[in-house]
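Okay, structure first, notes after.
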There are 2 protein chains.
Amino acid sequence: MIDLRNISYFSKLSDDEIGVIKKYSVFEEFDAGDVIYYEDEKPVYLFVLIKGSVDLYKTNLKGKQFYIYHINAVDLLGEVAAFSDITYLVTAECATKCTVLKIDYSKTGKFFCDNPYLCRELVKSLYERILSLVNAVDDSSLKTKERVAKYIIQESASFKDKTYTEISKKLNMTPETLSRVLNEFKKRAYIEIDDHHEITFIDEEKLKNLGS
Amino acid sequence: MIDLRNISYFSKLSDDEIGVIKKYSVFEEFDAGDVIYYEDEKPVYLFVLIKGSVDLYKTNLKGKQFYIYHINAVDLLGEVAAFSDITYLVTAECATKCTVLKIDYSKTGKFFCDNPYLCRELVKSLYERILSLVNAVDDSSLKTKERVAKYIIQESASFKDKTYTEISKKLNMTPETLSRVLNEFKKRAYIEIDDHHEITFIDEEKLKNLGS
DNA sequence: CGGTCTCTTGATTGTTGTCAAAGGCGGTGG
DNA sequence: CCACCGCCTTTGACAACAATCAAGAGACCG
């Protein structure tokens, strides 16, 4: 089993504190595609993502998913809902196999807020959420071409590891639209894409200036 | 001049602490329309909005504003940028006459994070930002009709105090589109609007179920 | 009473989603 | 080894949506 001491959040806690967390928490494994929690559920646990990565999205009334952001281990999960006593704001779905520490925060909650070190970690985590959310809001006001351009510039390295269908989900557009946009970029000689989805930039400047 | 003791954030501080803040802060008055800070600027101050209300928005490369959210006194302003050492994420523009306390956080910053009471206030403020941002992301995935419906249900009271042009800005749509949507709602007998922009709901259920 | 701003309406355009069809590719089971 | 299935991708045709452009009517203010 994983030693709590090895988790960065807890490395500076006293033995007593570690003991409390140990007592009220349990490790759980998830497969890719599993949902850790659903939006609008009442939070039961605070999660610490120990291994793997998780996609966060919202689902609208028609069942359509709107992708918001992505977090990698090690990070807090569900902390906003847990500590502010509201339902989960988003749905957390594993993008890969994940190991998660589930903490019964009703027993340890005070703890997190009162311990200065943990509180600072919490603030840091909240900052990151805010950055990601501002980024998501920003993206939502972009045209699809701009969104695709931004994505391929930022994520060119991992581009070849994903299907276009997966990428289109993260970009909140249809695979058809993504295909057409990439095609246009190729025709205009902004990029080249080989048979293995490997991407090469020919005119990165033009891509960057799409939105101006 | 306003006594720092009367500001909720500071009411529980010691005399010494109040002294430090007093030493490194100054009050400033803004008129409606004035900008307190611009996105991408390096933060110099942490602000506490003492009186009035402020709109937060992002401006894209083409100069188009994308409205994000609104805050009312008393609240923190610019705290994310100030404490995480990045540029301001959004532009803060006064919606009304405002009184703002400008704090030189480079002198008092540690203070905020170390004082358990202030730190908790900071966390609370960050939660609120996150809620507003998730709400903004959510809205951005709605159709204009749904966005208008949501707005008039939530803001029916203040509806008559604003011009349609102002409202359309907050809804991130053009005045023409807003006018057409309201017209459709009237034709379908969901709402009535009198000469003074006073709104009456006739079929609120239909409005709520637009998105399903 | 002239000017500015708001609101409305029509016509048009650009963008993106939807639907449908077809080809490719990989895996599976007979 | 081949037939088949399922998924991904591409392409075309089309529809829905919302912005833009343009014009005109009305309200408010100096």
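Bear in mind that the values here come from a model prediction, so they are computed numbers and not experimental data. So that the names make sense, note that chain A is the first sequence line, chain B the second, and so on, each numbered from 1.
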Parallel, tilted or perpendicular for B/Y105 and B/F83, by the 30°/60° rule?
perpendicular
Value in whole Å for how far the [atom2] atom of [N] lies from [atom1] of [X]:
X	N	atom1	atom2	answer
B/D195	D/dC28	CG	C1'	15 Å
A/L182	D/dT11	CG	P	11 Å
A/L178	C/dG17	CG	P	11 Å
A/K187	D/dT11	NZ	C1'	10 Å
A/E184	C/dG14	CD	P	13 Å
B/D161	C/dT6	CG	C1'	16 Å
B/E166	C/dC5	CD	C1'	12 Å
A/K169	D/dC8	NZ	P	7 Å

Taking protein heavy atoms under 4.0 Å as touching, what does nucleotides 15-22 of chain D look like 5' to 3' if B marks base contact, S marks sugar-phosphate-only contact and - marks none?
--SSSBBB
Are a donor atom and an acceptor atom from the side chains of [X] and [Y] found within less than 3.5 Å of each other?
X	Y	result
B/K150	B/N135	yes
A/T91	A/E39	yes
A/N72	A/K51	no
B/S168	B/T165	no

Look at [X] and [N] and indicate whether a side-chain polar atom (N or O) is within less than 4.0 Å of OP1 or OP2.
X	N	result
B/H197	C/dT6	no
A/N183	D/dT10	no
B/T165	C/dC5	no

Pair A/Y69 + A/Y57: ring centers closer than 6.0 Å
no
Let me test you: for the helix from C/dC1-D/dG30 to C/dG30-D/dC1, what is the angle between the axes at its two ends (five pairs each), rounded to 10 degrees?
30°
Counting neighbours of NZ on A/K23 that are heavy atoms of other residues, nucleotides or ligands and sit closer than 6.0 Å, is the number greater than 12?
no
Can you confirm whether B/K160 is buried at NZ, in the sense that more than 12 heavy atoms of other residues, nucleotides or ligands lie under 6.0 Å from that atom?
yes
Are the side chains of A/L126 and A/E79 in contact, using a 4.5 Å heavy-atom criterion?
yes
